[in-house]
Protein chains: 2
Amino acid sequence: MNIGEAARASGVSAKMIRYYESIGLIPRPARTQAGYRVYSANDVHRLVFIRRARDLGFSVERIAELIALWSDRDRASADVKRIALEQVEILERKAREIEAMAATLRHLAKSCHGDDRPDCPILEGLASGPPTGTADHGSHRFGAGLRPPKKGTMRADRRA
Amino acid sequence: MNIGEAARASGVSAKMIRYYESIGLIPRPARTQAGYRVYSANDVHRLVFIRRARDLGFSVERIAELIALWSDRDRASADVKRIALEQVEILERKAREIEAMAATLRHLAKSCHGDDRPDCPILEGLASGPPTGTADHGSHRFGAGLRPPKKGTMRADRRA
DNA sequence: CTGGGTCTTCCAATGATGGGAAGGTCAAGC
DNA sequence: GCTTGACCTTCCCATCATTGGAAGACCCAG
């Protein structure tokens, strides 16, 4: 199975498969004489695992932890559960944060006429500055476990 | 007022002020003979506006639109309101998406014993792959209007 | 044997931000 | 005046996950 087939089978683009290899998330596969990468069903399985975890907002770093646990027959399920629940917390915190942004903005928008007149409280609200809030409550960032979802127009290594 | 003072006054780091200048979000300021950038209270006002909008999850691109409206005395408040409400929608969609991830993950975690035994449905859930879902429902990405919140340890150009 | 699709590697860009080096400048204290 | 330290300048690099593209090698079917 070459990289294109593995990509189609797993839903991970060929580009990303090579990238995951380069960062050590997946082992370097065997090569054909011509240098083509060769993947097994097991490798594809692992790629599916990775894609699924990415879809759930796990960072690559986090996924590396999960894979280590996955490959370890003696791991305690408690470890996995802990990581998963930590991720749940990260996600929920993030969702709440974004909702707070939306609420603030909706509030501003509500007091705006929305007609032809140029006076608009939204702009004034933006201009006058916040209670110096939002920037301090988070020592977490998107990168720490959250990932932009796929663009949608990308499903594996689609040809053409 | 030099860039450091402007940074402290606006809450935008000196680095970012220069970056905003480089991408044309703010005009190139006057310079002293020595080449130092000089800012006015008005410039700081604009920077506060920008910071506030960033805190509300607007992308820089979006902010450029807002600034154009802000600077335009004849703009209709409807335009501003439209942009704001679009942003609200983006944020809420994103929040819902993240919540869905969290829910899925919480669901997986719930069926995990969390004890010393190595069998863990979370890993199996990840490995068996999703209903090929999540990747298609979004032609939007984080970049399109959503931004990681500040790291927290960064407030303007703090010295030391 | 040729053409089109596939593979390889490498390089670059994205967006917003931070880090740091190397060098010039300013203001205060001695 | 001179030193010191805080500030400024530009420039390059890193992040994170992902995509794009170029240039060249390869493989299979016709």
Side-chain angles (χ1 to χ4, degrees), chain A residues 1-8 11-23 25 28-39 50-51 53-55 57-64 135 138 140-160, chain B residues 1-8 11-25 28-39 50-51 53-55 57-64 135 138 141-160:
Chain A
M1 205 187 225
N2 64 25
I3 200 172
E5 291 167 317
R8 281 185 287 276
V12 179
S13 75
K15 281 272 191 194
M16 289 313 295
I17 295 177
R18 291 193 200 98
Y19 170 69
Y20 290 150
E21 179 188 332
S22 80
I23 62 172
L25 188 59
R28 269 171 302 167
R31 301 277 189 145
T32 65
Q33 274 190 329
Y36 284 24
R37 289 170 177 80
V38 178
Y39 295 92
I50 290 171
R51 176 174 61 81
R54 300 289 296 127
D55 284 347
F58 284 91
S59 72
V60 165
E61 208 183 348
R62 215 70 162 142
I63 293 175
H140 54 283
R141 48 184 330 176
F142 272 101
L146 231 204
R147 164 193 75 104
K150 298 206 198 68
K151 256 216 302 252
T153 53
M154 171 241 138
R155 180 94 275 179
D157 204 18
R158 67 145 55 69
R159 46 298 202 59
Chain B
M1 207 186 224
N2 63 26
I3 200 171
E5 292 167 315
R8 282 186 288 275
V12 178
S13 75
K15 279 272 192 198
M16 289 314 296
I17 295 178
R18 291 193 199 98
Y19 171 69
Y20 291 152
E21 178 188 331
S22 80
I23 62 172
L25 188 57
R28 270 171 303 168
R31 302 276 190 145
T32 66
Q33 272 191 331
Y36 283 23
R37 288 171 177 81
V38 179
Y39 296 92
I50 290 171
R51 176 175 60 80
R54 299 290 297 127
D55 284 347
F58 283 91
S59 71
V60 165
E61 209 184 346
R62 215 70 162 138
I63 292 175
R141 48 182 331 174
F142 272 100
L146 231 204
R147 162 195 76 105
K150 297 203 197 69
K151 256 218 302 260
T153 54
M154 170 241 138
R155 179 91 277 182
D157 205 17
R158 69 146 53 69
R159 48 300 202 61

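Letters go in sequence order (proteins before strands), and every chain restarts at 1.
If you check dT9(D), dC27(D), dA16(C) against the side chain of Ile3(B), the one that comes closest is dT9(D). When the nucleotides dA17(D), dG19(C), dT8(C) are ranked by their closest atom to the side chain of Met16(A), dA17(D) comes out on top. Nearest nucleotide to the Ala34(B) side chain, out of dG18(C), dT25(C), dT9(D): dT25(C). Taking the side chain of Arg37(B) as heavy atoms from C-beta on, and the options dT9(D), dT19(D), dG15(C), the nearest nucleotide is dT9(D).
One distance of note links CZ of Arg31(B) with CG of Asn2(B); it measures 12.0 Å at 0.5 Å rounding.
Neither OP1 nor OP2 of dC7(C) sits under 4.0 Å from any side-chain N or O of Arg31(A). Taking side-chain N and O atoms only, Ser13(B) has a distance below 4.0 Å to OP1 or OP2 of dG18(C).
For Arg28(B), the CZ atom is loosely surrounded, since the number of other residues' heavy atoms within 6.0 Å does not exceed 12. Taking a 6.0 Å sphere around CD of Glu61(A), one finds it holds 12 or fewer heavy atoms contributed by other residues, nucleotides or ligands.
When rounded to the nearest whole Å, the span between OH of Tyr39(A) and C1' of dT8(C) equals 12 Å. With rounding to whole Å, Ile23(A) atom CD1 is found 13 Å from dT15(D) atom C1'. When the P atom of dT9(D) is taken as reference, atom NZ of Lys15(B) falls 11 Å away, rounded to whole Å. Between the P atom of dC7(D) and the CG atom of Asn2(B) lies a distance of 9 Å, rounded to the nearest Å. Atom CD1 in Ile50(B) sits about 10 Å away from atom P in dT17(C), given to the nearest Å. What separates OH of Tyr19(B) from P of dG18(C) is a distance of 12 Å, to the nearest Å. Protein atom CD of Glu21(B) is 7 Å distant from nucleotide atom P of dT10(D), rounded to whole Å. Computed from coordinates, the Arg62(B) CZ to dA16(C) P distance equals 13 Å when rounded to whole Å.
The shortest side-chain heavy-atom distance between Arg54(A) and Ile50(A) falls under the 4.5 Å cut-off. Under the 4.5 Å side-chain criterion, counting only non-hydrogen atoms from C-beta, Met16(A) is not in contact with Arg51(A).
Side-chain to base pairing of Tyr36(B) with dG24(C): one donor and one acceptor N or O lie within less than 3.5 Å of each other.
Using a 4.0 Å heavy-atom distance criterion, Arg18(B) is classed as a base contact.
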